[in-house]
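Just below is one structure, and these are the notes that go with it.
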Number of protein chains: 2
Amino acid sequence: MNPMPKPPTMKDVAAAAGVALKTVSRHVNGATNIDPALASRIATAITELGYRHNLAAASIRPGRSAKVIGLVISDLANPYWSVLARSVERTLSENGYLLMTVSSEEDADRHRLLVDRLIAQRVDGLIVSPPRRDTTGWAADAAPLLPVVAIDRPLAPLLPSPTDAHPAAAPTPTPPAAEASAPLLTSPGADADAPHPTQPGAAADAPLVDTILADNAGGAEAATRELLRHGARRILFLGDSLELYTMRERNAGFRRALGLDPASDDDRASVATAHTAAEAAEVVTALLGTGRIDAVFAANNRASTGAVDAFTRAGTRLPLIGFDDFEAATLVRPGISVVAQDVAQMGETAAHAVLARLAGETPPPTTTTLRTRLVLRGSELP
Amino acid sequence: MNPMPKPPTMKDVAAAAGVALKTVSRHVNGATNIDPALASRIATAITELGYRHNLAAASIRPGRSAKVIGLVISDLANPYWSVLARSVERTLSENGYLLMTVSSEEDADRHRLLVDRLIAQRVDGLIVSPPRRDTTGWAADAAPLLPVVAIDRPLAPLLPSPTDAHPAAAPTPTPPAAEASAPLLTSPGADADAPHPTQPGAAADAPLVDTILADNAGGAEAATRELLRHGARRILFLGDSLELYTMRERNAGFRRALGLDPASDDDRASVATAHTAAEAAEVVTALLGTGRIDAVFAANNRASTGAVDAFTRAGTRLPLIGFDDFEAATLVRPGISVVAQDVAQMGETAAHAVLARLAGETPPPTTTTLRTRLVLRGSELP
DNA sequence: GCCCCGTGAGACAACGTTGTCTAGCCGGTC
DNA sequence: GACCGGCTAGACAACGTTGTCTCACGGGGC
């Protein structure tokens with residue numbers, strides 16, 4: 001009747017079975033060297049009392065862990081993140097781990113709070129999508145304590161000292177431009193001959209933590225080239241704020257395809273920012289018919305959706321390719337062509353990276369760049 | 001250099017600050033009655049050593065908890081569940097709780113395993129979507145231990161004894177049929193005058209745990225009536241397996257609108273089962289042009305998507321209403337009309353239900369039925 | 001000057017579990 | 001018949017933290 005009496009402990013089970021506490025512990029932990037008679041007495045006592053093993057208590061012993069991983073993303077309701085979370089969960093689950101998922105909403109302070117909370121909870125590892133405007137130094141604090149993996153975006157370089165305001169676009173001309181389809185695995189320093197990976201002055205590009213990225217620039221470049229190939233000349237880059245790493249990369253790939261200096265403000269590239277599908281639709285609606293654009297590269301899902309919505313409402317359309325695949329892409333005619341990321345593989349790779357570190361592997365942190373795939377469905381045509 | 005030396009404890013902090021361990025504990029827990037001099041020495045020691053409070057260890061004291069809730073759903077990658085999970089997470093987060101989310105994949109055994117694991121982890125409460133073919137009795141085991149809330153579906157009645165194979169369609173004629181638009185809150189027994197809610201022999205419909213449902217039957221009935229209003233006479237019910245509670249309810253509402261005996265096999269109601277959008281598209285494609293159907297009620301997202309896909313490919317269409325809103329519904333012309341559930345509110349309600357129990361409230365378990373909304377966008381028209 | 005009381009700090013045990021170590025038992029061997 | 005080795009069971013301490021209790025100190029009242 002009493003709603004929730006305090007749950008029985010091993011001690012209670014031991015008393016009921018008439019054995020020592022430690023013997024119950026052995027039984028619960030699956031030790032084989034137990035007298036069958038005692039084992040069955042213990043089993044009976046456990047079911048009769050309704051005993052439940054307390055993993056939380058067990059996990060405070062050093063060397064034992066709760067087998068829980070933390071995942072910090074920006075919004076679980078966004079299909080991109082939820083598919084990623086599902087993939088992480090599946091891989092971890094197969095390895096006996098549970099997942100705690102939290103949403104940072106791109107807020108650096110909230111992000112910091114959540115990371116601290118997860119660490120206090122003593123998760124075994126963290127998979128994190130670093131927030132934009134990330135100034136809290138959470139990674140430097142967390143990485144020495146437990147395995148940390150950055151996903152979707154790299155960590156912001158720590159303390160971009162205010163002196164090097166514009167490190168000059170010319171000196172580092174155009175990065176060697178990863179092949180259109182990047183290799184599955186890129187090693188850390190890339191320059192294999194550098195003997196000491198950490199270079200004091202220069203911002204060494206060896207990552208602080210394992211990092212899993214998509215080939216944003218390469219995908220965007222391929223999409224843009226495809227639009228160009230079909231005769232587009234004034235392509236609109238429609239995306240979210242360039243504060244987001246993925247947007248900067250996709251924009252860079254876009255400009256590279258156009259043959260523009262990555263840092264210049266050449267007006268051949270028109271760029272529009274929209275945070276929601278509605279905003280994106282507004283932008284496109286305003287430009288349709290003005291002749292100022294003749295194709296659209298939608299740099300994320302919401303931009304794609306907004307553009308299609310604008311097209312549908314206007315009863316006309318322009319060539320379009322979007323970044324990230326989405327369910328509705330096949331429902332309209334022509335089908336929406338997209339740069340598809342393998343989100344599931346990203347999650348799986350991230351989970352494996354954490355698991356490897358937990359298994360004791362300690363190679364220097366690696367950045368993995370996952371290939372993207374250009375899926376053509378017709379919307380790229382004039 | 002050493003990758004991960006064992007993290008400092010309160011004892012280390014106390015030693016470094018030259019105070020007693022308990023004083024550090026007081027400081028960490030925000031006690032006010034601490035000598036400012038000692039407090040600052042402790043604060044310094046904490047930052048210097050990089051001490052982190054260990055909530056896992058703290059939570060083994062009786063009366064203290066880790067503030068974690070478990071959520072068991074069928075698939076986090078499904079937008080329906082991810083939006084629900086997000087809503088639960090948001091509400092819990094506002095109340096200082098973290099969320100552990102796991103996917104059961106509708107497998108009863110896996111579901112049982114996950115629930116047991118979460119209980120072993122000593123979560124404070126559980127929000128669970130019961131799996132289909134639920135025979136493991138997990139709820140009866142879990143409910144006495146911690147607050148449990150069922151979401152999206154009620155618990156299966158325990159042990160449907162094999163004797164009452166077909167409890168006869170006639171004896172229980174047509175259930176009083178909840179009003180077309182259910183009230184926001186339905187109390188447990190419904191029959192307010194029953195003094196003793198538990199009735200030995202009969203399966204009392206007082207729920208075992210708090211339950212949050214959508215008005216599946218009502219929504220489906222409204223949608224079907226709308227199709228009928230526009231002249232449809234041979235409507236296809238296109239949904240997933242009727243093993244799923246939600247499907248049974250939606251089918252019941254569908255039949256009610258058609259004026260069919262809920263248990264009869266009247267062939268005026270054509271029913272097709274499809275697990276994926278592709279299967280749904282196949283079914284619709286096969287029926288299009290045969291004249292055997294003149295409208296479609298798609299009982300879930302995937303069915304809607306599949307039907308639209310079939311229409312688009314065939315270059316024709318039939319009147320269509322779907323259950324559950326989805327992003328693509330507004331992208332095609334005509335827009336897809338749907339029965340929309342307020343998924344976010346469902347998550348919030350479930351979270352509040354757990355929080356209320358954790359706050360010590362112990363009213364008898366309640367079933368809450370959330371209203372659905374018929375959103376007409378044009379696809380219902382001939 | 002003495003006592004009482006309020007305040008803040010520390011000693012100790014406890015939470016539920018597991019690692020280590022010792023004691024005991026049994027069978028086999030010389 | 002004595003000894004040894006292999007095996008299981010139990011006593012004990014420890015994990016990192018917090019609740020309880022006690023103690024020391026200092027100030028104020030008589």
Side-chain angles (χ1 to χ4, degrees), chain A residues 4-43 45-46 49-68 119-124 145-146, chain B residues 4-43 45-46 49-67 117 119-124 145-146:
Chain A
M4 287 180 197
K6 69 174 48 180
T9 73
M10 272 192 182
K11 202 158 105 182
D12 301 324
V13 175
V19 301
L21 186 124
K22 187 67 230 266
T23 309
V24 179
S25 170
R26 273 191 280 258
H27 181 267
V28 167
N29 287 51
T32 53
N33 50 350
I34 296 182
D35 184 326
L38 295 193
S40 83
R41 258 160 55 204
I42 293 173
I46 285 180
L49 297 178
Y51 169 77
R52 299 291 193 131
H53 192 196
N54 187 336
L55 252 71
S59 72
I60 78 169
R61 295 319 292 297
R64 292 208 146 220
S65 91
K67 296 226 168 197
V68 176
I119 293 176
Q121 208 77 238
R122 286 301 190 271
V123 294
D124 298 299
L145 300 175
L146 77 178
Chain B
M4 288 185 195
K6 67 174 51 179
T9 73
M10 273 194 181
K11 200 159 106 183
D12 302 323
V13 174
V19 300
L21 188 125
K22 187 71 232 263
T23 310
V24 179
S25 170
R26 274 192 280 259
H27 181 268
V28 167
N29 286 56
T32 55
N33 53 349
I34 295 181
D35 185 324
L38 294 194
S40 82
R41 259 163 50 205
I42 293 173
I46 285 180
L49 296 178
Y51 168 76
R52 300 292 193 130
H53 192 195
N54 187 337
L55 251 71
S59 72
I60 77 168
R61 298 314 296 297
R64 293 205 146 222
S65 92
K67 296 225 169 199
R117 173 73 196 278
I119 293 176
Q121 208 76 238
R122 288 300 191 269
V123 295
D124 298 299
L145 300 175
L146 76 179

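Taking only side-chain nitrogens and oxygens, B:Arg64 comes nearer than 4.0 Å to OP1 or OP2 of D:dT18. Between A:His53 and C:dT18, a side-chain N or O to OP1/OP2 separation shorter than 4.0 Å is present. Contact between the side-chain N/O atoms of A:Ser25 and the OP1/OP2 oxygens of C:dT17 is not found at any separation under 4.0 Å.
Nucleotide C:dA14 holds its P atom 15 Å from the CG atom of A:Asp12, rounded to whole Å. Atom NZ in B:Lys22 sits about 17 Å away from atom P in D:dG16, given to the nearest Å. Computed from coordinates, the A:Tyr51 OH to C:dG16 P distance equals 10 Å when rounded to whole Å. At whole-Å resolution of the value, CG in B:Leu38 and P in C:dT7 are 17 Å apart. Distance B:Asp35 CG to D:dC25 C1': 12 Å, rounded to the nearest Å.
For the pair A:Arg122 (side chain) and A:Ala66 (backbone), a donor-acceptor distance under 3.5 Å is absent.
The residue among A:Val28 and B:Thr23 whose nearest nucleotide of DNA chain C is located toward the 5' end is B:Thr23. Toward the 5' end of DNA chain C, the nearer of the two residues B:Arg61 and A:Leu21, judged by each one's closest nucleotide, is B:Arg61.
For A:Lys11 against C:dG16, a side-chain-to-base donor-acceptor contact under 3.5 Å is absent. Between the side chain of A:Arg52 and the base of C:dG16, no donor-acceptor pair of N or O atoms lies under 3.5 Å.
Relative to the side chain of B:Ile60, the nucleotides D:dG16, D:dG10, C:dG10 differ in distance, and D:dG16 lies closest. Side-chain proximity of B:Arg26 to the nucleotides D:dG16, D:dA9, C:dG10 is greatest for C:dG10. Set against C:dT17, D:dT17, D:dA9, the side chain of B:Met10 has D:dT17 as its closest nucleotide.
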